[in-house]
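All values reported here derive from a predicted model rather than from experimental measurement.
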Amino acid sequence: MTHRSRTKSSAGAAPGAPLVAKTTMGASTLPDDAALLAAQLSRWFAGAARDLPWRHDRTPYRVWLSEVMLQQTRVAVVVDYFARFTARFPDVGALAAASEDDVLGLWSGLGYYSRGRNLHKAARVVVDEHGGRFPSTRDGLRALPGVGDYTSAAIASLAFGESAAVVDGNVHRVLMRLCADDTAIDTPAGQRATTARATALVTATSSPATVNEGLMELGALVCAPRAPSCGACPWRRSCRAHDAGAPEDYPVKARRPARRALRVAAVVLVDEAGHLWLERRASRGLFGGLWEPPGTVVPDDAGDAAATAATTEATTEAWRGLLVARGLTAPSTWPPAVVVQRTLTHRDLRFDVVVVPLPADAARALRPLDSGELDGRWLARGALGAVGTSTAVRAVLEAALGPPGSPRLL
DNA sequence: AAGTCGGGGCG
DNA sequence: CGCCCAGACTT
């Protein structure tokens, strides 16, 4: 049922039809001359390209910043973040001079926060080891933190004119459809197949940057994941998936990551001035480097994070533990939990939250857990932007305290 | 080669 | 409610 029907050309093929000539061509072969395809694509791109902020002034810094932001992230979301980053950090030196908290504060809400941490690291590498200038080759760029196969090719091509082929989700989709190739793209074989085809295209043109951007733009505007606009495609007559009438059968993906439940008990500690106690998460892993109220994972016996509406004993015990571990006294009875649920790609998050107002002396005595790395600080609600916070934590605070600016408490 | 890492918009 | 998005990194 979840399988989409796949049209096989062999079913209706008449005896003696020239099937052999087609199927004996190598799987990585393009259906038409590479130079011709590249020219058609470039012509289309010249007339169809969107006016995007990072296409204006193609410095390596702006190309790099935009490409990192665009990893697994839609263009519409990136536009505003790109504007804020370039305004606050006009060049790589400004970014390197900032603190990681500053960078993550501006990155908050964009997701995949290792990108933000690596962005900051890479800026410092560029300044400290390359005199403030980006490496000008793909291999040099590839050595920067957070710059992988795709991003190194993108910067090398778009900012330096190198004929390196970019392979992202758009390119996979466009080229697997063009060739009606059912090799799974999330495998080394699929990666090799698309890279070979894209390389053939950028090698056959004098403007590899245009072909690279054209491939991605075609995937974004015409060769969409669902309901592609084949009538507007410059490659319509060459496209084998279109021939078969089944463009949406491609690309094939092998992996289906399962979503696991994660239940968290958290305490929102508020002092008499209305400041919040936040602690910094470890640098690696989920929400790495971001700040949040003290919390801990609660084993969910049911296996279903949404099963229990009422506060469980495991949750109140977790709340008590969070307070005691920080030298605070836990109340004998608890109010009902404020429950916040968020769905990520690979997680079902459920927060059971309680607000704990602290008298001045208790607030002063509060210290982060002395496990070493765990940092903690009091922060005004309106100063949250000074550090990185996840959208989940912002939702937790809003649910527990009310909308920012009109504190329900104090 | 498989697992991990956000968040939101869309059909 | 499942899928996808200008992927990279770890194990």
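Residue R342(A) has a polar side-chain atom (N or O) positioned under 4.0 Å from OP1 or OP2 of dG8(B). Remark: Y113(A) is in phosphate contact with dG7(B), judged by side-chain N or O atoms under 4.0 Å from OP1 or OP2. The side chain of R260(A) contributes an N or O atom lying less than 4.0 Å from OP1 or OP2 of dT4(B). Under 4.0 angstrom from either OP1 or OP2 of dT4(B) there lies no side-chain N or O belonging to H346(A). Proximity of Q71(A) to the phosphate of dG7(C): no side-chain N or O atom is located under 4.0 Å from OP1 or OP2. Listed pair K253(A) / dC5(C) meets the phosphate criterion, a side-chain N or O lying under 4.0 Å from OP1 or OP2. In this model, the phosphate group of dT4(B) is not approached by any side-chain N or O of R284(A) to a distance below 4.0 Å at OP1 or OP2. OP1 or OP2 of dG7(B) sits under 4.0 Å from a side-chain N or O of T391(A). For dG8(B), the OP1/OP2 oxygens have no side-chain nitrogen or oxygen of R74(A) closer than 4.0 Å.
Note on G285(A): only backbone sugar-phosphate atoms sit closer than 4.0 angstrom, heavy atoms only; bases stay farther off. Across all strands, L52(A) comes closer than 4.0 Å to base atoms (heavy-atom distances). Across all strands, G109(A) comes closer than 4.0 Å only to sugar-phosphate atoms, never to a base (heavy-atom distances). Within 4.0 Å (heavy atoms only), W107(A) reaches no atom of the nucleic acid at all. At the heavy-atom level, V171(A) lies nowhere under 4.0 Å from the strands shown. Within 4.0 Å (heavy atoms only), T187(A) reaches no atom of the nucleic acid at all.
Of the candidates dG6(B), dA6(C), dA1(B), the closest approach to any side-chain atom of R55(A) belongs to dA6(C). Nearest to the side-chain atoms of N118(A) among the listed nucleotides dC4(C), dC9(C), dA6(C) stands dC9(C). Closest to the side chain of D149(A), out of dA8(C), dG7(B), dG6(B), is dA8(C). When the nucleotides dG6(B), dA6(C), dC4(C) are ranked by their closest atom to the side chain of L344(A), dG6(B) comes out on top.
For E217(A) and R50(A), the salt-bridge test passes: some basic side-chain N is under 4.0 Å from an acidic carboxylate O. Using a cutoff of 4.0 Å between basic side-chain nitrogens and carboxylate oxygens, R117(A) and E100(A) are not scored as salt-bridged. Under 4.0 Å is where a charged nitrogen must lie from a carboxylate oxygen, and between R173(A) and E248(A) no such pair does. Ion pairing between a basic and an acidic side chain is recognised when a charged N comes within 4.0 Å of a carboxylate O; R260(A) and D348(A) show no such pairing. In this structure, E67(A) does not pair ionically with R55(A), as no charged nitrogen and carboxylate oxygen lie closer than 4.0 Å.
Atom pair R138(A):CZ and dA8(C):C1' shows a separation of 13 Å (rounding to whole Å applied). Summarising the geometry, the separation between CG on D168(A) and C1' on dC5(C) is reported as 9 Å, rounded to the nearest angstrom. Atom CG in L119(A) sits roughly 13 Å away from atom P in dA8(C) (whole-Å rounding). The CG-P distance, from D186(A) to dG3(B), rounds to 11 Å in whole Å. Separating the CD atom of Q72(A) from the C1' atom of dC4(C) is a distance of 8 Å, rounded to the nearest angstrom. L141(A) places its CG atom 17 Å from the P atom of dG7(C), with the value rounded to the nearest Å. The interatomic distance linking M216(A) (CE) with dC4(C) (C1') rounds to 17 Å, in whole Å. Here the P atom of nucleotide dG6(B) and the CZ atom of R259(A) are 15 Å apart, to the nearest Å.
For Y150(A) against dG7(C), no side-chain N or O and base N or O form a donor-acceptor pair under 3.5 Å. For T73(A) and dG8(B), a side-chain-to-base donor-acceptor distance below 3.5 Å is absent, hydrogens and geometry of angles not being considered. Between the side chain of T345(A) and the base of dG7(B), at least one donor-acceptor pair of N or O atoms lies under 3.5 Å. The base of dG7(C) is not paired with the side chain of T151(A) by any donor and acceptor separated by under 3.5 Å.
Taking the six-membered ring for Trp and the full ring otherwise, F134(A) and W64(A) have centroids separated by under 6.0 Å.
Rounded to the nearest Å, the gap between the P atom of dG11(B) and that of dA6(C) is 15 Å. Comparing dG6(B) with dC5(C), their C1' atoms sit 12 Å apart, to the nearest whole Å.
If R142(A) and V75(A) are placed on DNA chain C by their nearest nucleotide, the residue sitting closer to the 5' end is V75(A). For the pair A258(A) and R226(A), both in contact range of DNA chain B, the more 5′-proximal nearest nucleotide belongs to A258(A).
If you check the side chains of R259(A) and T343(A), you find no donor sitting under 3.5 Å from an acceptor.
For R84(A) and Y81(A), the positive end sits near the middle of the six-membered ring, less than 6.0 Å away and at most 45° from its axis.
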